[in-house]
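Here the structure comes first, spelled out in structure tokens, and everything after it is commentary.
Every chain is numbered from 1, with letters handed out A, B, ... down the list of sequences. Atom set for the values below is all heavy atoms of this structure, side chains included, hydrogens, waters and symmetry mates excluded.
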2 protein chains.
Amino acid sequence: MKKIDIGANAFVYPMPVTLLGTLVNAKPNFMALGWITRVNANPPMVGLGVGRHHYTCPGIAEAKAFSINYPSAEMMQVTDYCGMATGEKVDKSSLFEVFYGKLKTAPMIAECTLCMECRLVQTIEFPTNTLFIGEIVGSYAEEICLADGKPDIKKMDPLLLTMPDNRYWSVG
Amino acid sequence: MKKIDIGANAFVYPMPVTLLGTLVNAKPNFMALGWITRVNANPPMVGLGVGRHHYTCPGIAEAKAFSINYPSAEMMQVTDYCGMATGEKVDKSSLFEVFYGKLKTAPMIAECTLCMECRLVQTIEFPTNTLFIGEIVGSYAEEICLADGKPDIKKMDPLLLTMPDNRYWSVG
């Protein structure tokens with residue numbers, strides 16, 4: 001085996017593909033997000049690394065809430081659009097059927113297989129990105145994507161992403 | 001479509017499977033880690049949510065460094081062992097061939113397809129987990145896993161994990 005030095009800008013292989021839902025200027029907005037992980041077990045908390053230039057950022061800061069939504073592989077095209085088009089220029093509020101849970105400022109996507117609503121608990125600034133920490137206060141799954149009451153990844157058929165080649169994959 | 005409330009303890013679908021390498025009491029130790037994401041674009045930084053009870057945690061704090069290693073699907077058994085057996089009770093230092101890069105306190109795994117060495121830059125405490133933030137200072141890929149000089153996920157054949165069912169998957 002031979003290791004090649006490929007520099008410092010390595011990624012997580014693969015990344016999940018989620019749609020980050022926010023209210024920005026009182027309108028639902030959605031961006032594609034792969035930089036997400038659970039950060040705490042109890043209570044359940046997630047962390048999102050979002051580029052500071054994104055239209056989404058002031059929305060999270062103001063609403064103090066956001067949602068994480070899992071598109072299925074068949075939603076690849078609209079998901080990709082949400083990742084390419086900024087809410088600054090296009091209105092993404094009517095791309096999906098929106099619903100709300102306990103929080104009234106975390107718009108969730110009815111078409112997605114699993115949606116999590118999160119209350120913002122902390123914001124940590126890094127040089128180019130903001131790390132938003134949210135507590136999951138509720139999650140909602142498509143009935144047909146559950147097995148024994150738990151999300152079944154084969155039924156969810158989520159998208160995966162790799163960087164820097166920016167290609168989508170599915171779970172094998 | 002019908003959404004079912006499945007409670008707050010939702011996960012990221014799917015999670016990558018990595019091996020987190022540390023020096024603990026001057027000996028290499030490796031734990032399985034799925035709670036990881038990039039958190040900053042430039043410089044490249046990752047965040048890891050590690051349960052505070054893990055043997056790994058004081059090692060990162062002392063060495064101020066760690067590594068992230070990607071096992072291939074054929075390394076599933078030894079990866080699972082690293083996730084089940086604590087370094088407190090078993091010596092995992094000789095499970096792999098270890099090598100070092102720029103940092104002398106971030107042991108990396110020669111058998112893995114891609115290894116990243118990280119300098120600890122920040123530690124954030126949550127109720128049950130510690131979020132370690134590291135800057136990637138170097139990464140090293142198997143020559144046969146590269147395409148155009150970049151990691152090719154089909155060649156890497158990395159493992160995926162789902163919770164709470166704790167099952168492994170591959171990229172399709």
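Contact of A/Pro164 with chain B is made through the side chain alone, with heavy-atom distances under 4.5 Å. When heavy atoms are compared at a cutoff of 4.5 Å, A/Leu160 approaches chain B solely by way of its side chain, counted from C-beta outward.
The candidate from B/Ser139, B/Ala147, B/Gly49 with the greatest count of non-hydrogen atom pairs under 4.5 Å with chain A is B/Ser139. The candidate with the highest count of non-hydrogen atom pairs below 4.5 Å against chain B, out of A/Ile133, A/Leu48, A/Thr18, A/Val17, is A/Ile133. Heavy-atom pairs under 4.5 Å with chain B were tallied for A/Asp5, A/Asn40, A/Ile6, A/Asp152; the largest tally goes to A/Asn40. The most heavy-atom pairs under 4.5 Å with chain B, out of A/Glu135, A/Lys154, A/Arg167, A/Met108, come from A/Lys154. Per-residue counts of heavy-atom pairs under 4.5 Å with chain A were compared for B/Ile136, B/Asn42, B/Thr130, B/Thr128; the largest is that of B/Thr128. Counting heavy-atom pairs closer than 4.5 Å to chain B, the top-ranked of the candidates A/Asp148, A/Asp165, A/Ile124 is A/Ile124. Annotation: maximal heavy-atom pairing with chain B below 4.5 Å, among A/Tyr13, A/Phe99, A/Tyr140, A/Trp169, occurs at A/Tyr13. Contact tally against chain A (heavy-atom pairs below 4.5 Å) for B/Pro127, B/Pro158, B/Gly138: the top residue is B/Pro127. Interface remark: of the candidates A/Pro44, A/Pro16, A/Ala141, A/Ala141 forms the most heavy-atom pairs closer than 4.5 Å to chain B.
Between B/Phe132 and B/Phe66, the ring planes are tilted. Angles from 30° to 60° get that label.
Ion pairing between A/Glu142 and B/Lys2 fails under the 4.0 Å rule for side-chain N and carboxylate O. For B/Glu125 and B/Arg52, the salt-bridge test passes: some basic side-chain N is under 4.0 Å from an acidic carboxylate O.
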